[in-house]
Amino acid sequence: NFEIYLKRVWFSNGIHHHYSNEKIKPDFSKEYFEGLLKATKTKLAADVTAILFNNEDSKKVNLDESKGLLAGSAINFYEKGITLEEAEDFYKKQTSPDPKKPISYGLNSKLVKNAKGQLEEKVWKSGGMYGAAIDKIIFWLEKAKTVAENKKQGDAIGLLIEYYRTGSLKTWDDYNIAWLHATEGNIDYISGFIEVYNDPLGYRGSYEGVVQIKDFDMSAKMEVISKNAQWFEDNSPLMAEHKKKNVVGVSYKTVIVAGESGDASPSTPIGVNLPNADWIRAEHGSKSVSLGNIIDAYSQSGGSGKLQEFANDQEEIALAKKYGELGDKLHTALHEVVGHASGQINEGVGTPKETLKSYASTLEEGRADLVGLYYLYNPKLQEIG
């Protein structure tokens, strides 16, 4: 039971389950654990031991407003005692120089109260919070820049280094646009404080790093979906006023993952569509990747027990074995390329973070999945090969 607990905590990057957000309860006693500490002469603060076994911090991200979005979540993005109202009021006062290009305020910082009791941000950057770790990221990125495959890739890495040095979110936007247009190389990467799922208010990104190599064969097959992105948008069941008249630059690749860290590991995504800023997607498009070797690992790791149990007949089982994996890859491609890239926010409407608040991420993922499922049986897929 102790070994199982260790593996679960490792896999979830902490003591809460990576999907349900529920605290992982140990199936061994506190006395047994303290015996292990003693036998191995291991020192662990008493409050850490207490947290493992008590009923506090039961949810990593709590979306039940009656328990308090901040008070009920076991996160350290906000200093203890800061209320939801205070945090929201702090960010309402942050205005972007260009309202049509809203800056992702709060993405790379912790919100704290200073000596005067006023709210301020501790920015994650070189010389700031997590500075020593970020300096190591910069060290390796500088080496990567010297072996960039082309100028666009090198320029994007340069902007990423500047962002980690300064913490400037304007530079983060500039970097995302440069990274988005660097599509020529065979090696690509994801790096930064990106997905905001771990913040109940949807401001703060968790660090993730992925290094990937293009899967040439599968990318050629899937590229046809991004080339037909406008057809999918025009034929979607969205209301006409919500459709993009001109879907721009949805690049799609199937990749082989070489390494993952932070939020992307060990529990890994199977597909990624970035950047997350809606205005960048609308003006510049997005980059979609399907993590081919991860999807293959998923398909190889399970037996066919579920299929035997729930399939209607032998014909369905045979079809699932023959086409199931391809169908899965197609669904991921449609989710990432067509789903996330579809639709637009009407003028004068705030960002999902402001309007949908704590449900923004969940609804966006559900929306992308439904778009993928909507098109999965469409004859257009056969037509485009």
Quiz prompt | Residue pair Asn108, Glu121: steps toward the side-chain hydrogen bond (donor to acceptor under 3.5 Å, both in side chains) verdict | solution = CA-CA 9 Å; Asn108 63 338; Glu121 292 179 321; over 6 Å; no
Practice problem: Can you tell me which residue pairs pass the salt bridge (charged side-chain N to carboxylate O under 4.0 Å, His left out) test with a partner in residues 163-179, sequence neighbours excluded? | Solution: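 The answer is Glu142-Arg165, Lys170-Asp174.
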Exercise. Start with the C-alpha gap between Asp369 and His335, add the side-chain angles, then the distance that decides, and say whether side-chain hydrogen bond (donor to acceptor under 3.5 Å, both in side chains) holds.
Key: CA-CA 5 Å; Asp369 233 37; His335 171 113; 2.7 Å; yes
Report the relative orientation of the aromatic rings in [X] and [Y]; use parallel for angles under 30°, tilted for 30 to 60°, perpendicular for over 60°.
X: Tyr375; Y: Trp231; value: tilted
X: Tyr164; Y: Tyr207; value: tilted
X: His181; Y: His284; value: perpendicular
X: Phe2; Y: Phe33; value: tilted

Quiz item: Are Phe90 and Ile103 connected in the hydrophobic side-chain network, where two residues link if heavy atoms are under 4.5 Å apart?
Solution: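 Looking at the clustering, Ile103 is in the same group as Phe90.
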Distance-only donor-acceptor pairs under 3.5 Å for side chains of residues 318-334, two or more places apart:
| residue | atom | partner | partner atom | Å |
| --- | --- | --- | --- | --- |
| Glu325 | OE1 | Ser299 | OG | 3.4 |
| Lys329 | NZ | Asp296 | OD1 | 3.2 |
| Thr332 | OG1 | Asp328 | O | 3.1 |

Exercise. Please say whether more than 12 non-hydrogen atoms of neighbouring residues, nucleotides or ligands are located less than 6.0 Å from NZ in Lys245.
Key: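 Yes, because the 6.0 Å sphere around NZ of Lys245 holds more than 12 heavy atoms from other groups.
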Quiz item: Taking all non-hydrogen atoms of both residues, which atom of Ile317 and which atom of Ala311 are closest, and how far apart?
Solution: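 It is CG1-CB, 3.5 Å.
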Self-check item: Side chain Gln153, main chain Glu149, donor-acceptor under 3.5 Å
Solution: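 Side chain of Gln153 to backbone of Glu149: a pair is present.
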Which donor-acceptor pairs under 3.5 Å do side chains of residues 49-64 form with protein atoms, sequence neighbours excluded?
| residue | atom | partner | partner atom | Å |
| --- | --- | --- | --- | --- |
| Asn54 | OD1 | Lys23 | NZ | 3.0 |
| Asn54 | OD1 | Glu56 | N | 3.0 |
| Asn54 | ND2 | Ala50 | O | 3.3 |
| Asn55 | OD1 | Lys25 | NZ | 3.2 |
| Lys59 | NZ | Ser20 | O | 3.4 |
| Lys59 | NZ | Glu22 | OE2 | 3.0 |
| Lys60 | NZ | Asn198 | OD1 | 3.2 |
| Asn62 | OD1 | Asp64 | N | 3.0 |
| Asn62 | ND2 | Asp64 | O | 3.0 |
| Asn62 | ND2 | Gly68 | O | 3.0 |
| Asp64 | OD1 | Ser66 | N | 3.0 |
| Asp64 | OD1 | Ser66 | OG | 2.7 |
| Asp64 | OD2 | Ser66 | OG | 3.3 |

